[in-house]
Amino acid sequence: MTTQQTQSRHARQFGLPVATALVMGNIIGGGIFLLPASVAPFGTISLVAFAVLTVGAIALALVFGRLAERLPRTGGPYVYAREAFGDFAGFLAAWSYWITTWVSNAALAVAAVGYLDVLIPLHGNKAATIAAALTLQWLPALANLAGTRYVGAVQLVSTVLKFAPLLLVAVGGLFFFDPANLGPLQADDHSAMGAVSASAAILLFSYLGVESAAVSAGEVRDPRRNVGRATILGTVGAALIYLLGTLSVFGTVPHDRLVTSTAPFTDAVDAMFGGGWGGTAVAVAALVSMVGALNGWTLLSAQTPYAAAKDGLFPQAFARKSRGVPTVGVLVTVVLASSLTVYNYTAGSQGVFEMLVLVTTFTATVPYLLSTAAQIYFLASGRADRVHRGRLIRDGLLAALAAAFSLWLVAGSGYAAVYQGVLFLFAGVLVYAVLAARKQRPEADAVADAVELPEQAVRESARA
């Protein structure tokens, strides 16, 4: 069997179902299992914040769909920012997105260990805990290194498995719904607008991942058609799970108990069916959910640097691809995430680790803002090859709404996260300076050679 045949056997483009699963799996990690308890202190008015955020997320998803129709290439936000504003903006999108992915992977692995402890008691053993966290990171990485065919299979299976118990609570809970459990509309001293804003600050980052299909557009079959559809279907599907799941938990667990709950879905399952098996069921669902998210985010962590490396804006090693997967990007990402995980456990630097995770909520918004700005640029420039005139007004309104949503994400990150995130971006500026200089050097040498040859010919002619 030839190398090309081996590559094609392990590399397979994603169809619409797998692309949709990638979006849904990356949006819904493990946070959904704590969200109802996180917003319960604000009262049922927090559901309004969910609805508002859902509208913003769908608008952002539609913008990514439109951009993918025009530029159906791997890299997503990087491609859009570079096409509109040049190399520097493209690099900032790639750099900030890459930071987001590998730090988030470390956070997901640490959180997953907490659920694994319910199934396999680690009893606080540091060595066993570290080994479990690293295993949870490297298994998805190995699936990625095996090829896109296996990435898609893992993503599809994990999405189906994790949505079964989530749907059980989201839909089944409605049959056990008791309005008496809801508690007050406003449960604190905030005004109505203040309560919505405060709960939105917690929920804002529940929709990170809407760009997943756009980032992997080069691996999606018929990307002009399927990326946009997968993005919308995945975002709407995740939104329904969020809204119905939160509403069901609100209606099955008494409010005073929900406010202090550390496992709201477990409490909901126990309230619905009785018994003590709810904790095990939710732990399994959460673990599957996080492994699926790690699988998808590992792929995305390599795709954006791959696209940037092909343009000379990331080290060339990131441009190496095998079996449809940028292998160096996957390896570098998992090594960085693993190192951060080990550092977190051994140095006892919980505050530093939490700060880095918080920074990712800011760095993720940078490519979002650049992408929506690119869409606005294409629409305002009047370039016929970039704008569908029949959709001009609709696309303009969607871009404005998505930009407002992205700015709200930045505001919700908090001052400390924005401050630290800007430092990360400035560090990237120094990296860009080196890479841009390397990229320009061959061009400068070529120009110098072109100038020197005629001068040399003149000198030789003069000697003759």
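With sequence neighbours excluded, the residues forming a side-chain hydrogen bond (donor to acceptor under 3.5 Å, both in side chains) with Thr333 are Trp98, Ser301, listed by chain and number. Contacts of Pro326 classified as side chain to side chain contact (heavy atoms under 4.5 Å, CB included), with partners at least two apart in sequence or in another chain: Ala302, Gln303, Tyr306, Lys321. Every residue meeting the side chain to side chain contact (heavy atoms under 4.5 Å, CB included) condition with Tyr419, not counting sequence neighbours, appears here in chain and number order: Leu423. With sequence neighbours excluded, no residue satisfies salt bridge (Lys or Arg N to Asp or Glu O under 4.0 Å) with Arg73. Taking the side-chain hydrogen bond (donor to acceptor under 3.5 Å, both in side chains) definition, one finds that Arg229 meets it with nothing, sequence neighbours left out. For Thr231, the side-chain hydrogen bond (donor to acceptor under 3.5 Å, both in side chains) criterion is met by no residue, not counting sequence neighbours. The ring-ring contact (aromatic ring centres under 6.0 Å, His included) check on Phe176 picks up Phe273, with sequence neighbours excluded. Contacts of Ala308 classified as side chain to side chain contact (heavy atoms under 4.5 Å, CB included), with partners at least two apart in sequence or in another chain: Tyr78, Ala94, Leu313, Phe314. For Ala230, the side chain to side chain contact (heavy atoms under 4.5 Å, CB included) partners two or more places apart in sequence, or in a different chain, are Leu16, Ala19, Thr20, Ala213.
Contact record, Ala268 with Thr252: CB-OG1, 3.5 Å, taken as the closest heavy-atom pair. In this structure, Thr298 and Pro140 approach most closely via the heavy-atom pair OG1-CB, 4.4 Å. Smallest separation of non-hydrogen atoms from Arg70 and Asp395: NH2-OD2, 3.5 Å. Pro367 and Tyr97 make their closest contact through CG-CD1, 3.8 Å (heavy atoms, listed as atom of the first residue, atom of the second, distance). Taking all atoms of both residues into account, the shortest heavy-atom contact from Tyr345 to Ala133 is CE1-CB, 4.0 Å.
Using modelled atom types, one side-chain atom of Thr365 and one backbone atom of Phe362 make a donor-acceptor pair closer than 3.5 Å. Ser96 places a side-chain N or O within 3.5 Å of a backbone atom of Ala93 that can act as its donor or acceptor partner. Under the 3.5 Å distance criterion, the side-chain polar atoms of Thr260 are matched with a main-chain donor or acceptor of Arg257.
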Pairs under 3.5 angstrom only: tabulate donor-acceptor contacts from the side chains of residues 39-65 to other protein residues two or more places apart or in another chain.
from  : atom 1 : to     : atom 2 : distance (Å)
Ser46 : OG     : Gly43  : O      : 2.9
Thr54 : OG1    : Phe50  : O      : 2.7
Thr54 : OG1    : Tyr207 : OH     : 2.6

Table please: side-chain donor-acceptor pairs of residues 107-114 below 3.5 Å, with sequence neighbours left out.
none

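Counting only heavy atoms from C-beta outward, the side chains of Ile99 and Leu425 never approach each other to under 4.5 Å. A 4.5 Å side-chain heavy-atom check between Leu136 and Met290 finds every atom pair outside the cut-off. A 4.5 Å side-chain heavy-atom check between Pro72 and Val227 finds every atom pair outside the cut-off. In this structure, Gln375 and Tyr80 have side chains that are not in contact, with every pair of non-hydrogen atoms separated by 4.5 Å or more.
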